[in-house]
Colleague: 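Just dropping this structure here.
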Amino acid sequence: MDFEEKIVNILRTTTSLVSGEDLSRELNISRVAVWKHIENLRRLGYRIDATSHKGYRFIQAPDKLIAMEIKHGLKTRVIARDIIAYDEVSSTNDIALDLAGKGAKEGTVVVAERQTSGRGRLGRNWFSPAGYGIWTSIIFYPGFKPGELCQMNLILGVAIAQAIRNETGLKVELKWPNDIIVSRKKVGGILIDMTATMDKVKCLVAGIGINVNLSKKDFPLHLRETASSLNIEKESEIDRLSLFREVLHQIDIYYLRFKKDGFVPIREKWLSYNETIGQYIKVKVPGGETIYGHATDIDIDGALVIRLENGILKKVMSGDVSFIL
Ligand code: BTN
């Protein structure tokens, strides 16, 4: 814990004013150093009142995804052991892949207020403006086979859906493989990048984008029909920090449950959030083929099972689903 984190912790847990002298004694640093750290915290957006000759009082943390704020009260075992927060990056997935190559711990979280080249699935861009969303990537070393990747998409989807439901009360649904849907509009998505050998996933980076407090006019015109935000759907401001902590908490729970009990219980949970099974759909699969049929099930690999027009069942491991009414 660095000095600024310690100062915030002391001020936060003390209801009375805390003098510079007390802080300097507690932290074993000079009063000038205390004052400099307080100024740094204010620059980060912390509101800390100072009453001359009496001391400091914590008023408010900034509405920013700062590492020490994310950690505050976070109860996770694997996820977020390290958190690296940026104001702006190209893509958090690119940063996380680079860190994983340099030996970052499993569960390391990279988060940014803004991405300049946010990436979506199938080569699309991901709109990631400053201050309104959760744009984050988490590093895993799951040690499973590349064929099990599809399950990871669904595990993350369930965890995110659960977190959003817990925090906002919104009715969240999941569109296979990993779109987070509210009222038929996309409010979030998952992009998995990995490095693998033929038989083992060495490193997996799960990129998560959640549109939290964007208003309709914040979205580019071409997204307004299909995308939405939690704020728009809930019709009120969402606490991004609290939601982010809950997302990390639920990912920790579901990832560890998967490692202990396998995919079967998570598949059941995914089906309870399902928006896909039972629908007549069109799936564009990698390579350009388009498949039409009824989505009938999620199999034990996490693949989507489709009943084609001729009655044959076909499994797809990845693709872009749209509904045909
Ligand atoms: C999708 O197309 O549904 C997936 C969107 C994933 C977006 C997130 S935002 C954080 C991470 N960094 C990226 O560049 N993309 C993912």
Side-chain angles (χ1 to χ4, degrees), residues 65 70 79-80 83-100 104 107-140 149-150 152-161 163-164 172-182 184-195 203-214 218-220 222-223 225-230 240 243-244 247-248 251 270 273 275-276 283-286 302 304 317-323:
L65 303 179
I70 300 164
I79 306 302
I83 300 175
I84 304 159
Y86 295 91
D87 272 339
E88 180 181 298
V89 294
S90 53
S91 153
T92 54
N93 266 33
D94 294 346
I95 305 277
L97 277 170
D98 186 50
L99 286 170
T108 297
V109 170
V110 177
V111 60
E113 287 292 332
R114 171 171 187 257
Q115 296 184 115
T116 52
S117 315
R119 296 193 278 113
R121 287 176 65 237
L122 309 167
R124 297 184 184 122
N125 296 325
W126 185 260
F127 179 59
S128 329
Y132 297 127
I134 294 175
W135 327 126
T136 188
S137 302
I138 306 175
I139 298 173
F140 295 90
L149 196 65
C150 201
M152 193 66 185
N153 259 315
L154 307 200
I155 295 162
L156 292 163
V158 165
I160 296 165
I164 295 175
V172 188
E173 292 177 296
L174 293 170
K175 186 171 103 175
W176 187 91
N178 55 17
D179 286 355
I180 318 288
I181 305 288
V182 176
R184 295 242 139 184
K185 293 202 171 178
K186 180 161 170 166
V187 294
I190 301 162
L191 172 72
I192 292 189
D193 286 318
M194 61 165 181
T195 55
C203 149
L204 184 152
V205 166
I208 297 161
I210 307 175
N211 302 329
V212 183
N213 279 324
L214 291 95
D218 295 323
F219 284 100
H222 71 280
L223 291 177
E225 281 306 302
T226 51
S228 187
S229 75
L230 302 179
R240 267 190 321 151
L243 174 64
F244 190 32
V247 166
L248 298 173
I251 292 175
W270 193 93
Y273 283 111
E275 199 218 18
T276 313
V283 192
K284 276 193 196 152
V285 293
L304 180 64
M317 296 299 280
S318 69
D320 197 30
V321 171
S322 39
F323 300 119

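One is the number of the first residue; the rest follow in order along the sequence. The model shown is predicted, which means the values in this text are computed figures rather than measured ones. Just so you know, these numbers use all the heavy atoms, side chains as well, and skip hydrogens, waters and symmetry mates. Counting starts at 1 for both ligands and their atoms, in listed order.
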Colleague: Please identify each residue that fulfils side-chain hydrogen bond (donor to acceptor under 3.5 Å, both in side chains) with N93, with sequence neighbours left out.
Modeller: S137, D193

Colleague: Walk me through it: do R184 and E275 pass the test salt bridge (charged side-chain N to carboxylate O under 4.0 Å, His left out)?
Modeller: CA-CA 9 Å; R184 295 242 139 184; E275 199 218 18; 3.4 Å; yes

Colleague: Validate the cation-pi geometry between K175 and Y273: distance from NZ or CZ to the six-membered ring centre under 6.0 Å, angle to the ring axis within 45°.
Modeller: no

Colleague: Quick check for students: name every N or O atom pair between ligand 1 and the protein closer than 3.5 Å, with distances.
Modeller:
unit_1, atom_1, unit_2, atom_2, d
ligand 1, 2 (O), R121, N, 2.7
ligand 1, 3 (O), K186, NZ, 2.6
ligand 1, 12 (N), T92, OG1, 3.1
ligand 1, 12 (N), Q115, OE1, 2.9
ligand 1, 14 (O), S91, OG, 2.8
ligand 1, 14 (O), Q115, OE1, 3.4
ligand 1, 14 (O), R119, N, 2.7
ligand 1, 15 (N), R119, O, 2.7

Colleague: Students often mix this up, so state it plainly: with edges at 30° and 60°, are the rings of F127 and F219 parallel, tilted or perpendicular?
Modeller: tilted

Colleague: Can you list the residues that meet the ring-ring contact (aromatic ring centres under 6.0 Å, His included) rule with F244, with sequence neighbours excluded?
Modeller: none

Colleague: Not counting sequence neighbours, list each pair that qualifies as a salt bridge (Lys or Arg N to Asp or Glu O under 4.0 Å) and has a residue in residues 120-140.
Modeller: R124-D320

